[in-house]
Structure formats: C-alpha cells, structure tokens
Colleague: 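Here it is, the structure in full.
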Amino acid sequence: MGLELYLDLISQPCRAVYIFAKKNGIPFELRTVELLKGQHHSDAFAQVNPLKKVPALKDGDFTLAESAWVLAAKSSKADPSWLHGANAWRPPWERTSFRRHMQLS
C-alpha cells in the first residue's frame, strides 16, 4: 500500500497539501474525510489520527497528522534537498555565526 492522504478539500490546509502533491507528481491515494458530516470524529478516523484533525498522511505504519509536517514529508519525497534552501528564509543577522564575525574583525 502506498501513500494515503486523508483530506477534505473544504479545508485550506488540506487543499495546500493536495495541490502540493499534485503539482510535484507525488503518487497518493485520496481518502476523503467529510468535515461537515463529522467524519473526522469517527472511531475509524481516530485510529488514523487520534487528534481527529485533517490533513493526515499515512505511509504504511507511519502516520503524520500536522499539515506543516505533512508538507515537509511530502516535499522530502519529491526533492530531498528542499531543506538546503531554509537558510535563505532566515533574517540576515542569523545567517552567520557570532564566531565568524569575531574572526573577521
């Protein structure tokens, strides 16, 4: 069994995960959880995510239930080098260490 995504596209975080997976060609099986019908409160879904929130990602025995971590896990499957650009998002004063400033002076 491959990657399973538990989503309801009415939810913005779910749409972000869905669009990311489609855009990057990550194969997954969509498991729709209808929030308006309360399916996320069912005992069956609680076995996937005890927090009873979507989105949730299941890959075999491994489950992720936080949208930011779901995106991170999916992006590492699409391109494992995605973390190398994280330095660009730091403020300029955090990019270099204090020790390096001391050596340049």
Side-chain angles (χ1 to χ4, degrees):
M1 184 174 286
L3 194 67
E4 298 175 63
L5 284 178
Y6 293 83
L7 307 170
D8 187 347
L9 296 179
I10 199 167
S11 160
Q12 186 279 325
C14 289
R15 285 192 307 270
V17 169
Y18 180 81
I19 291 168
F20 183 87
K22 285 292 197 180
K23 185 80 175 162
N24 289 290
I26 300 171
F28 65 93
E29 189 170 335
L30 179 63
R31 305 280 190 195
T32 302
V33 179
E34 295 185 36
L35 296 175
L36 296 178
K37 291 184 179 179
Q39 290 180 349
H40 58 298
H41 293 296
S42 70
D43 291 335
F45 185 67
Q47 291 178 355
V48 174
N49 182 4
L51 299 174
K52 299 181 179 182
K53 294 183 177 184
V54 292
L57 172 147
K58 189 171 181 183
D59 192 1
D61 292 336
F62 179 73
T63 302
L64 274 177
E66 183 66 37
S67 60
W69 289 111
V70 169
L71 282 172
K74 290 174 74 61
S75 63
S76 67
K77 279 192 176 238
D79 179 11
S81 66
W82 71 278
L83 277 176
H84 300 300
N87 196 33
W89 296 100
R90 290 186 183 157
W93 60 87
E94 289 183 4
R95 289 186 190 157
T96 55
S97 70
F98 179 72
R99 183 176 296 152
R100 184 169 177 202
H101 286 293
M102 296 299 290
Q103 291 172 352
L104 294 175
S105 307

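Computation of the quantities below employed the complete heavy-atom set of this structure, encompassing side-chain atoms and omitting hydrogens, waters and symmetry-equivalent molecules. On a predicted model such as this, the values are computed, not experimentally measured, just so you know.
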Colleague: Between Arg15 (side chain) and Ile10 (backbone), is there a donor-acceptor pair under 3.5 Å?
Modeller: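 Yes, Arg15 side chain to Ile10 backbone: donor-acceptor pair under 3.5 Å.
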Colleague: For Lys23, which residues count as a side-chain hydrogen bond (donor to acceptor under 3.5 Å, both in side chains) partner, sequence neighbours excluded?
Modeller: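 Counting only residues at least two positions away or on another chain, Lys23 forms no side-chain hydrogen bond (donor to acceptor under 3.5 Å, both in side chains).
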Colleague: Output the distance between atom CG (Leu9) and atom CG (Leu35), rounded to the nearest 0.5 Å.
Modeller: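 CG of Leu35 is found 10.0 Å from CG of Leu9.
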Colleague: Which heavy atom in Cys14 sits nearest to a heavy atom in Pro55, and how many Å separate them?
Modeller: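 Here Cys14 and Pro55 meet closest at SG-N, 3.7 Å.
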Colleague: Measure the spacing between OG1 of Thr32 and CG of Leu5 and express it to the nearest 0.5 Å.
Modeller: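 Those atoms lie 10.5 Å apart.
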Colleague: When rounded to the nearest 0.5 angstrom, what distance separates NZ in Lys52 from NE2 in His40?
Modeller: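 Between atom NZ of Lys52 and atom NE2 of His40 there are 9.0 Å.
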Colleague: Please say yes or no: joined through hydrophobic side-chain contacts below 4.5 Å, possibly via intermediate residues, are Leu30 and Leu57 part of one cluster?
Modeller: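 The answer is yes; both residues are in one hydrophobic cluster.
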Colleague: Grab the two heavy atoms, one from Gln39 and one from Glu34, that are nearest each other, plus how far apart they are.
Modeller: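 Smallest interatomic distance, heavy atoms only, reads OE1-N, 2.8 Å.
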Colleague: Atom CZ in Arg31, atom CG in Leu7: separation rounded to 0.5 Å?
Modeller: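 Arg31 CZ to Leu7 CG: 11.5 Å, rounded to 0.5 Å.
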Colleague: Determine the minimum heavy-atom distance between Leu36 and Asp8, stating which atoms define it.
Modeller: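 What the structure gives for the nearest pair is N-OD2, 4.3 Å.
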Colleague: Working to the nearest 0.5 Å, report the span between CD1 of Ile26 and OH of Tyr18.
Modeller: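 Rounded to the nearest 0.5 Å, the CD1-OH separation comes out at 13.0 Å.
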Colleague: Which heavy atom of Tyr6 sits nearest to which heavy atom of Lys58, and what is that distance?
Modeller: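 Closest approach of Tyr6 to Lys58, heavy atoms only: CE1-CB, 4.0 Å.
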Colleague: Are any non-hydrogen side-chain atoms of Val48 and Phe45 less than 4.5 angstrom apart?
Modeller: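 Yes - at least one pair of side-chain heavy atoms lies under 4.5 Å apart.
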